[in-house]
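Working notes for the structure below.
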Amino acid sequence: MPSPTSPSFSRRDFVKLTGTAAIASALVPKLRAAPAARPFEVSASLYAWDLHDEGVERVLDNLQEMAAVNSVYLIGVMHPERRPLGGGVFPHNPVRQTWTAEDARCYWHPDSARYGRIHPRLSDHAWLNQTDWLRVLVDAAGKRGLRVGVENSHALVDKQRAEGEFSDCVERNVHGEITHVRTWLRPLCPNHPDVSAYAGNLFGDAVVNYGLDYVTSAIVSFDEGGPGRGACFCASCHRVAAAEGLDFARIQQVLLANPAAEPERTTWQDFRQRSAARFYAGIHEKLHALKPGVDVRYSQHMANPADWGIKLSVLQPNLDSIRIQEYSEQTGNPALMAGKRAMLAGARAELGPDFPVHSAIAVRLKATPELIREGIRIAVETGMNGITLGHYDGASFPMLHAVRDGLADAGIRS
Ligand SMILES: [Zn+2]
């Protein structure tokens, strides 16, 4: 949430402005060249099964023609989830009605020489693992002049390996157990050196070998659930905390007896935020050494980042952009759009006027063309630098057309 000292802007100022360039130049009059030089980014996420089933050229035709998309990214490592999310069937997939994503499989072909102890795990299915889907997307998107990226979504490795060969890397709760807030998720601790090395290798491999414009991390940092159920109290956290001069054993003992105890709870929370920042500092430094100018984007994949040991302004120095995952459109409830505006305005205030921030727009489930157009208007009025469509696999064509209409309504040239 914004601090009292964060820059803020009145809504009246926003609504007087109709285009990104105008907003950007108004918000950063003296600091440096306005980010208006970069066009408003309209990005769309894609899954390997989208590309397999529909074909990359048709997918890109649809996204560009219907939704004015100028940026695409592959969900390179995906967590287990039934697709499309929330039930129902794919609205335009010609091959299958549903698909259940495997646990943390990688849908592109890593260069094994770039990895240390932890390597990506490919799909168990030949139709998914025998094609390098990032290569397919990069080659096709490059010919069209689209920006292209890759995302790692939530889990760095699958539950089986997290509980098995990487049990020394996995996050631990206050009882010392492998954290198990969700049935499928066993996050690896960002304080373990093998984990931070792996994340850097995984993104670095993709950046170097595919020439990506950006990478997006939706990797779970610290498991939610607070000191009572969440993470982390692993050996790596103890070691890093000791190096900071913290008596982590005593803090753990106090929080074991009372998860709400202060100041231990705040000390633990601040430690998590610093730890997440160091994790991204390592990734950012590595990727920029490999490819200066690459855009390291963090996806705020949760409604309340603090629950996951995240504070955006603490991460900010180690990032190039942030995506706010706010999906109110998919509820079908217009009353929730005020909450979207508040979240985006809060992020803009916390991050300052010239930091690139992108808003998700839900184009699936109960979304309507009206709500999609409103979501885009809110994104522009709150000074976002782009929108990210979530997700193509569940989006009917009228919803994609509503994106182009909404951009035109908001004065965004495409
Ligand atoms: Zn830990």
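Keep in mind it's a predicted model, so treat the numbers as computed, not measured. Read the numbers this way: they start at 1 and go in the same order the structure lists the ligands and their atoms.
Heavy atoms from other residues, nucleotides or ligands lying under 6.0 Å from CD of Glu177 number more than 12.
For the residue pair Gln253/Arg250, the side-chain donor-acceptor check at 3.5 Å is not satisfied.
Between Tyr115 and His119, a ring centre-to-centre spacing shorter than 6.0 Å is recorded. Ring centroids of Trp308 and His301 are separated by less than 6.0 Å, placing the two rings close together.
With sequence neighbours left out, Ala113 forms a side-chain contact (heavy atoms from CB on, under 4.5 Å) with Asp111.
If you count the protein N, O or S atoms nearer to the Zn ion (ligand 1) than 2.8 Å, you get 4.
The cationic atom of Arg117 (NZ for Lys, CZ for Arg) does not lie both less than 6.0 Å from the six-membered ring centre of Tyr198 and within 45° of the ring axis.
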